[in-house]
Amino acid sequence: MTAQLLAGAPAAAALLAATAERARALSRPPGLALVRVGDDPASASYVRGKDRRAREAGLRSTVYALPEETSQTELLSLLADLNAAPDVDGILVQLPLPPHLDAAAVLRAVDPAKDVDGFHPCNVGELWSGRPGLTPCTPAGVMALLAHYGIPVAGRRAAVVGRSLIVGRPMAALLLAADATVTLAHRQTPDLGAVTREAELLVVAAGQPHLITPEMVRPGAVVVDVGINRVVDGSGAAHLTGDVHPAVAGVASALTPVPGGVGPMTVAALLANTVAAAERRSALPVCP
Ligand code: NAD
């Protein structure tokens with residue numbers, strides 16, 4: 001068997017086009033505030049990409065690039081201003097933050113109705129309650145990718161490898177909400193292969209290059225590789241690789257490539273969240 005490659009570009013383009021159309025239907029362009037602190041080049045590059053995509057989709061995007069020495073009080077003060085600004089519908093704080101800042105407290109300070117990353121405990125609770133809300137972008141992008149390719153989720157046995165707050169846990173919650181029977185595996189799971197071989201739908205977000213080998217995959221399974229790992233080959237050249245060994249394409253019925261699979265879906269899902277926040281902000285539940 002050679003797996004169908006689930007390319008992210010066409011699915012992301014479709015989601016971006018639908019998002020741009022929804023943005024045009026609003027009385028004013030949805031506003032997105034992108035906040036980053038410090039000089040991390042990867043964070044700066046991610047924020048630039050999000051800003052460019054947002055503008056292309058017709059959103060009004062503003063980048064707040066704060067210096068490394070920004071204090072917790074200064075950052076919380078900016079967030080309070082953005083929470084109160086009527087023309088800001090979505091707020092994203094780019095992670096990681098410099099170590100002197102309390103990231104959990106910062107994420108809690110974002111108005112849940114504007115929390116387009118879906119990391120506020122209020123939105124995490126909504127997600128695990130099975131109620132629609134703002135959901136973390138990468139897992140939301142995976143669900144959009146599966147929908148784009150017509151891959152059914154309901155009633156299937158699914159396994160998620162990785163339990164981070166950003167990918168693994170919300171991924172499991174979204175699959176559960178879509179009526180899959182879900183197992184969530186992690187670093188302490190004994191016999192990972194026994195878990196993954198059960199799965200008709202396998203999502204891997206461990207950050208371990210080629211963790212999943214062909215013997216660990218059920219023949220005909222759909223495999224989603226969220227991992228993005230920078231590896232250096234024998235010649236010293238760096239390249240990106242996933243958590244799934246390429247030979248899994250000989251066992252799976254469908255597989256996302258790395259790069260070019262889940263990656264493009266994350267930004268598209270962020271913009272869809274921002275438009276959803278603009279559409280529904282006043283109707284969302286608010287934590288006390
Ligand atoms: P993380 O380090 O926060 O979490 C990794 C999880 O994998 C942990 O729960 C850990 O228990 C589990 N894990 C690690 N090694 C394992 C093993 N050998 N067996 C079983 N479980 C194991 O990472 P993260 O932020 O969730 O990211 C995971 C991967 O996804 C990374 O490669 C990251 O770069 C990538 N990522 C991609 C996107 C995207 O847009 N495509 C977005 C976010 C993260």
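In each ligand, atom 1 is the first atom listed, and ligand 1 is the first ligand listed.
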(request) Sort out the contact shell of ligand 1: every protein residue with a heavy-atom distance below 4.0 Å, listed by chain and number. (result) Thr138, Val161, Gly162, Arg163, Ser164, Val167, His186, Arg187, Leu192, Ala205, Ala206, Gly207, Gln208, Leu211, Val226, Gly227, Ile228, Asn229, Val262, Gly263, Thr266

(message) Which residue in the set Asn83, Asp115, Thr274, Asp117 passes side-chain contact (heavy atoms from CB on, under 4.5 Å) when paired with Ile91?
(response) Asn83

(message) Is there a continuous path of hydrophobic side-chain contacts, each under 4.5 Å between heavy atoms, that joins Leu184 to Met171?
(response) yes

(message) Under a 3.5 Å distance rule, please check whether Ser164 uses its side chain to pair with a backbone N or O of Val167 as donor and acceptor.
(response) yes

Please tabulate, one pair per line, all N/O donor-acceptor pairs under 3.5 Å involving side-chain atoms of residues 14-24, not counting sequence neighbours.
unit_1	atom_1	unit_2	atom_2	d
Thr19	OG1	Leu15	O	2.7
Arg22	NE	Glu279	OE2	3.1
Arg22	NH2	Glu279	OE1	2.8

(request) Taking Ser129 for its side chain and Gly125 for its backbone only, find out whether a donor-acceptor pair lies under 3.5 Å. (result) yes

(message) Same cluster or not: Val217 versus Val195, using hydrophobic residues (I, L, V, M, F, W, Y) connected whenever any side-chain heavy atoms lie under 4.5 Å apart?
(response) no

